[in-house]
Visitor: 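Can you read through this structure? Questions will come right after.
The shown structure was predicted, so the numbers you read here are calculated from the model rather than taken from an experiment.
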Amino acid sequence: MTPGTSLSSRIERMRVPVAILAAVLQRSPAARIAAATADYVLESPAAAVLKAAAASIAALGAVDSVAGASTPTTSPAYLVSDIPLPASVAVGQPFKMDVTVAGVAVTFAKAWDVSNTLPPGISVQGATLTGSIWVLNDATATKGILTISGTPTQAGTYSFTVDGWELTNRTGTSTSGATTINVTAPAGSVPVISTQPASQTVNAGSSVTFSVAASGNPAPGYQWQKNGETIPGATGASYTIPYVQVGDAGIYAVVANNTAGAVTSQAATLTVNAVVVAPSFSMQPASQAIALGTTVVFKAEATGAPLPTYQWEFGGAPIPGATSSTLVVNGTTPASAGSYACVATNPGGNATSNAAALAVSSTSDIGRLVNISCRAAVGTGGNILIAGFVVGGGGTSGSEKLLARASGPALIPFGLSGTLPDPQLQLYSGSTVVGTNNGWGGSPDIMLAGASVGAFAWSDTASHDSALLESRPPGAYTANVSGQSGDTGVALAEVYDDTPAGTYTPSTPRIVNISARVQVGTGSNVLIAGFAIGGSTSKTVLIRASGPALIPFGVTGTLPDPMLQLHSGGTLIGSNNAWGGDPQISAAAASVGGFPWSFATSNDSAILVTLPPGAYTAEVSGATGDTGIALVEVYEVP
């Protein structure tokens, strides 16, 4: 059985919603919706896309073989890597590769071995070199991920083998594979540090900043470390700890690196005096108006030394078990309305947050997702732009009026260059085309609908921008944007709820979740998914940024360390860098049908938040300046 021929059976056995897998397996910068209800109906709209996905798995070389290399089994398992293989890296350039096991027979490996033919300077994290084999036994089985990393010191082509074992001590079912790391000669000049970080002594609760200056060709990037371990998100020439704790004491250094190599700064020692600082709130909970029967989230954050503990109160009385900085109230009733506050406590005393008022409304104009958008570079074949959405919601029936637009030339007035000259818009239901447009032609209906939903105006009635007006029943859909004549360029896909004002009721179908999957770069090439909340009440949403979580699905080149930021206009209203196994995130994901994140220690990020009506953007970037494929999802939380 080969990876290419067994793709459909693997999908079935993994029990992952097809909607999610269609998004994950897209190779192009694209958006795709993951269904939030029990009946996942979305299928890939183009056979070429699934073929490309199968090819991407097969392209892992032999690091994708069938379980039973040592013990036959009818359930296939295979090794997958988070970077494209064979791998390439320059001498002196940091290298990291994560390998895990996908499939049913071996859900994660408890033991590994790797042949000792890795490039000099690269080793297997946590492993012991026994003769010619790196051996790693993970008795606790907490990660199931093999990490090969280091900084190569010698150019050449290095081939090696990897074996993942079902049980510790290298027993049970195994999955084996082989691949290559190509180490190239360095180019340019290795960084030189001119200003070293300085040791400091501070009191707990104060702020401290370490700084460095380095030069090189090309200009170097930075990665700060504490006690030799990478600090997520610390990738600037300076690193600040705003509220120092006793546990922050240690040895700090920074690695300056470019394509020519890397250099580590001198060590700077941080000494923290163990003083006590009483709590104070840096984030206050916000008042909310929520629809009857839905979920509301309150957040508060306090500083102090040592870090304070939390206790939420309702009407002045403690809420049993509510001891996190985030309070989630599910299934609101009229009795849920009232005043919520958070008390932060440490040995220095306690502080009480501002009171947040909760109003529970029985309005029919409930908060809901009313607009999604995704901008991406449109290629050909499997690299077109696909914007997905799911129409539905509990207790809904009938159809939803929708406006879908594909903007290419219409983006030029905004100063955007390289736009798609001739965008074609196709709307799919599963694999069936339910609408096509190759130029809006100044349609008065499209113009009127755009104005009614608040879309930016298309001023040129002769432009090749495309649009569709549709009434669609509950289900999963994709709006595909491609160049009609094979042209390529940047395009914007938008889908709007065009339900007439004043006619929406809770039984009217609505957009219930969205997702976008693209290659995340740096600067202006980060992933940005736009969405808007309409109605008269706030809405709770779960936003997730998956990078490492995509590895078990055979996606290569994933974003190692995704950082998620939520913006309202130019204001940052929430961020996360590594979800930390948060049980509230896990519970919310399960409630909306999100595919599970298996590892609490992964760098995948998530935000659970209640938002008032308005426009928002979810931005995904590499926390350490890293790049790769990421999936962003926005779910309505009922």
Side-chain angles (χ1 to χ4, degrees), residues 23 26 29-34 367-378 385-391 402-408 410-411 413-416 419-420 423 425 449-450 452-458 465 467 477-481 490-498 510-521 523-535 538-546 562-576 605-607 609 611-621 630-636:
Q26 286 286 348
R32 176 77 65 170
I33 290 304
R368 59 197 184 275
L369 293 169
V370 295
N371 163 237
I372 62 171
S373 63
C374 179
R375 195 194 83 177
V378 176
L385 168 59
I386 304 176
F389 56 97
V390 170
V391 172
L402 299 166
L403 168 65
R405 304 201 310 177
S407 296
L411 302 179
F414 296 95
L416 193 64
T419 58
L420 186 66
L425 175 62
S452 69
V453 299
F456 71 92
W458 285 353
D465 305 290
Y477 301 90
T478 55
N480 292 16
V481 181
V490 176
L492 175 70
E494 304 164 281
V495 179
Y496 294 89
D497 182 341
D498 191 31
R510 59 186 181 272
I511 299 172
V512 295
N513 64 314
I514 64 175
S515 70
R517 178 264 189 221
V518 303
Q519 173 73 31
V520 177
S524 61
N525 292 321
V526 299
L527 166 56
I528 301 178
F531 65 96
I533 294 174
S538 296
K539 187 63 190 174
T540 299
V541 294
L542 171 65
I543 309 170
R544 304 199 307 178
S546 296
M563 179 170 63
L564 175 62
Q565 294 182 310
L566 178 63
H567 294 265
S568 174
T571 302
L572 177 66
I573 59 176
S575 65
N576 181 251
S605 299
I607 296 173
V609 62
L611 299 171
Y616 302 91
T617 54
E619 178 180 308
V620 181
S621 59
L631 174 73
V632 64
E633 305 159 277
V634 181
Y635 293 92
E636 168 192 286

Visitor: Run the salt bridge (charged side-chain N to carboxylate O under 4.0 Å, His left out) test against Arg368 and tell me which residues pass, sequence neighbours left out.
Guide: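 If we apply the salt bridge (charged side-chain N to carboxylate O under 4.0 Å, His left out) test to Arg368, skipping adjacent residues, the hits are Asp365.
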Visitor: Considering non-hydrogen atoms only, spot the tightest contact between Ala545 and Leu564 and give its length.
Guide: CB-CB, 4.1 Å
Visitor: Atom CG of Leu402 and atom CG of Asn371: how far apart are they, to the nearest 0.5 Å?
Guide: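 Atom-to-atom, Leu402:CG and Asn371:CG are 11.0 Å apart.
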Visitor: Are the side chains of Arg510 and Glu636 in touch, meaning some heavy atoms are under 4.5 Å apart?
Guide: yes
Visitor: Using the test salt bridge (charged side-chain N to carboxylate O under 4.0 Å, His left out), find all partners of Glu494 that sit at least two apart in sequence or belong to another chain.
Guide: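 Listed in chain order: Arg405.
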Visitor: Side-chain contact, heavy-atom cut-off 4.5 Å: Leu420 with Leu411?
Guide: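 No, too far: nothing below the 4.5 Å cut-off.
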Visitor: Please find the pair of heavy atoms, one from Ala491 and one from Val481, that lie closest to each other, and give the distance.
Guide: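 Closest approach of Ala491 to Val481, heavy atoms only: CB-CG1, 4.1 Å.
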Visitor: So how far is it from Ile514 CD1 to Ser373 OG, rounded to the nearest 0.5 Å?
Guide: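 Nearest 0.5 Å value for the CD1-OG distance: 8.0 Å.
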Visitor: In sequence, state the C-alpha distance, the side-chain angles, and the governing distance for Tyr496 and Val370, and then conclude on side-chain contact (heavy atoms from CB on, under 4.5 Å).
Guide: CA-CA 6 Å; Tyr496 294 89; Val370 295; over 6 Å; no
Visitor: Answer yes or no: is there a side-chain heavy-atom contact under 4.5 Å between Leu425 and Asn480?
Guide: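 Side chain of Leu425 against side chain of Asn480, heavy atoms only: no contact under 4.5 Å found.
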Visitor: Which heavy atom of Val620 sits nearest a heavy atom of Ala630, and at what distance?
Guide: CG1-CB, 4.1 Å
Visitor: To the nearest 0.5 Å, tell me how far Thr617 OG1 sits from Leu566 CG.
Guide: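 One finds 7.0 Å between OG1 of Thr617 and CG of Leu566.
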Visitor: Between Cys374 and Leu492, does the side-chain contact (heavy atoms from CB on, under 4.5 Å) criterion hold? Intermediate values first, please.
Guide: CA-CA 6 Å; Cys374 179; Leu492 175 70; 6.0 Å; no
Visitor: Considering non-hydrogen atoms only, spot the tightest contact between Ser621 and Val526 and give its length.
Guide: CB-CG1, 3.6 Å
Visitor: Using a 4.5 Å cut-off on heavy atoms from C-beta on, say whether the side chain of Val520 contacts that of Pro562.
Guide: no
Visitor: Taking all atoms of both residues into account, what is the closest heavy-atom pair of Ala406 and Pro423, and its distance?
Guide: O-CG, 3.8 Å
Visitor: Could you tell me the separation between the OH atom of Tyr616 and the OG1 atom of Thr571, rounded to the nearest 0.5 Å?
Guide: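 OG1 of Thr571 is found 10.5 Å from OH of Tyr616.
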Visitor: Over 60° means perpendicular and under 30° means parallel, so tell me whether Phe456 and Phe414 are parallel, tilted or perpendicular.
Guide: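 Judged by the thresholds at 30° and 60°, the geometry between Phe456 and Phe414 is perpendicular.
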Visitor: Do Phe531 and Leu611 come within less than 4.5 Å of each other through their side chains, counting heavy atoms only?
Guide: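 SC-SC contact between Phe531 and Leu611 confirmed.
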Visitor: Are the side chains of Leu416 and Val490 in contact, using a 4.5 Å heavy-atom criterion?
Guide: yes
Visitor: Run the side-chain contact (heavy atoms from CB on, under 4.5 Å) check on Tyr477 and Val495 step by step: do they pass?
Guide: CA-CA 11 Å; Tyr477 301 90; Val495 179; over 6 Å; no
Visitor: Compare all side-chain heavy atoms of Pro612 with those of Ile533 and state whether any distance is below 4.5 angstrom.
Guide: no
Visitor: With a 4.5 Å limit on heavy-atom distance, are the side chains of Val609 and Val541 in contact?
Guide: yes
Visitor: Return the CD to CD1 distance between Gln565 and Ile528, rounded to the nearest 0.5 Å.
Guide: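 Between atom CD of Gln565 and atom CD1 of Ile528 there are 10.0 Å.
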Visitor: Measuring from Leu403:CG to Asp498:CG, what's the distance to the nearest 0.5 Å?
Guide: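 Atom-to-atom, Leu403:CG and Asp498:CG are 6.0 Å apart.
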Visitor: Taking the side chain from Asn576 and the backbone from Ser605, do they hold a donor-acceptor pair closer than 3.5 Å?
Guide: no
Visitor: Considering all heavy atoms of both residues, which atom of Gly535 and which atom of Pro613 are nearest to each other, and what is their separation?
Guide: O-CG, 3.4 Å
Visitor: Please check if the side chain of Thr478 supplies one atom and the backbone of Ala387 the other of a donor-acceptor pair under 3.5 Å.
Guide: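 Not a single qualifying donor-acceptor pair exists.
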